[in-house]
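What follows is a short report on a single structure.
Each chain gets a letter, A, B and so on, in the order the sequences are listed, and its residues count up from 1. All values below were derived from every heavy atom in this structure, side-chain atoms included, with hydrogens, water molecules and symmetry-related copies excluded. Predicted model, so just to flag it, every value in this text is computed and none were measured.
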Number of protein chains: 2
Amino acid sequence: MPDFMYDGKVYYNPVEFAMDRIGGTWKIPILWRVKDQVYRYSELKRAIPHISDKMLTSQLRELQNDGFIHREVYAVVPPKTEYSITEKGKLAIPLVTAIRNFGIDLMEMEGVDVSHYGR
Amino acid sequence: MPDFMYDGKVYYNPVEFAMDRIGGTWKIPILWRVKDQVYRYSELKRAIPHISDKMLTSQLRELQNDGFIHREVYAVVPPKTEYSITEKGKLAIPLVTAIRNFGIDLMEMEGVDVSHYGR
DNA sequence: CAGTATACTTTCTAAAAGGTAAGTACCTTA
DNA sequence: TAAGGTACTTACCTTTTAGAAAGTATACTG
């Protein structure tokens, strides 16, 4: 597997590249909400337990820069911003679903209660 | 999404749980070799560019503790240890493949040369 | 009895990721 | 003119992840 560069960073393989775009603690939870609904900033904040303003803003900005979500700012006061998934973002959803299902499978094997998670 | 505990750690969702088992820089590259061949420690080291002894050992141990790979030690000198995938480990391969394919898709969209990666 | 081969193990360090808390900007409304 | 509501931004700190380099154990071989 040859290394390659993108945006000033060296990657060893495609998995690393993929995980650099949608990995981390918060990007998938964000995509998971936005996949079937438009959300305002404050709605995302409420919908995603434990997330801080700093992380919500930075991860939204990265997802936007990578083209996975769209940011619509309204010129009103108090401010209003809406986030929605893009066509490119929709391409990630089957994978997110697969990771989630795999996680549920593993949890089940370890005896973790999994009855809350729809399948 | 309710939080849950496993092995002394709090998780927010199944994706986090899954990524805690097979995520990080080195676990997937290891699984990717071992999926269709038995490897000795030194063979893995040679097969996975850039990996350090410390990371190779620690990630092998974690994958073993989580039941994804099997470790067979031979009582010879110099030492010989063989690593192979388990049935549980095989369950992860379709997901690993999916992540890899998604990464290749993204790279292609960004104009990264992708011709080396079999599909 | 020094050298070799293999599979680790340990220590120290650097970089990345993420948390907390406080602050900013803006216009409207009382 | 002060307060309120929303969407950030910034500074500082802690934790996690990974890298580099050196060391350990063992038995065979010349």
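In this structure, NZ of K80(B) is placed 17 Å from C1' of dC8(C), rounded to the nearest angstrom. Atom C1' of nucleotide dG19(D) and atom CD of Q59(B) are separated by 13 Å, given to the nearest angstrom. We find that CZ of R61(A) is positioned 12 Å from P of dA7(D), with the value rounded to whole Å. Separating the OH atom of Y39(A) from the P atom of dT6(D) is a distance of 17 Å, rounded to the nearest angstrom. Rounded to an integer number of Å, the gap from L56(A) CG to dT9(D) P is 11 Å. Distance Y74(B) OH to dA25(D) C1': 21 Å, rounded to the nearest Å. Y41(B) has its OH atom 13 Å from the C1' atom of dT24(D), to the nearest Å. The CD-C1' distance, from E62(B) to dT16(D), rounds to 12 Å in whole Å.
Within the 4.0 Å cut-off from OP1 or OP2 of dC8(C), at least one side-chain nitrogen or oxygen of T81(B) is found. Checking the phosphate oxygens (OP1, OP2) of dA7(C), a side-chain nitrogen or oxygen of R40(B) falls inside 4.0 Å. Applying the 4.0 Å criterion to OP1 and OP2 of dC8(D), one finds that R71(A) has a side-chain N or O inside that range. For dA7(D), one of the phosphate oxygens OP1 or OP2 lies less than 4.0 angstrom from a side-chain nitrogen or oxygen of S42(A).
In the set dC8(D), dA7(C), dC8(C), dC8(C) carries the atom at the smallest distance from any side-chain atom of Y83(B).
Distance check, rounded to the nearest 0.5 Å: NZ of K35(A) to CD1 of I85(A) gives 8.5 Å.
For P29(A) against N13(B), the heavy-atom pair with the smallest separation is CG-ND2, 3.9 Å.
Ring pair Y83(B)/H70(B): centre-to-centre distance not below 6.0 Å. For Y11(A) and Y6(A), the ring centers sit 6.0 Å or farther from each other.
At a threshold of 4.0 Å, the pair E87(A)-K90(A) counts as salt-bridged, since one of the basic side-chain nitrogens sits closer than that to a carboxylate oxygen.
With sequence neighbours excluded, the residues forming a salt bridge (Lys or Arg N to Asp or Glu O under 4.0 Å) with E62(A) are K27(A), listed by chain and number. When the side-chain hydrogen bond (donor to acceptor under 3.5 Å, both in side chains) test is applied to Q64(A), no partner is found at least two apart in sequence or on another chain.
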Quick one, give me the B/S/- string for nucleotides 19-27 of chain C, reading 5' to 3', where B means a protein heavy atom under 4.0 Å from the base and S means that only happens at the primed atoms, P, OP1 or OP2. BB-----BB

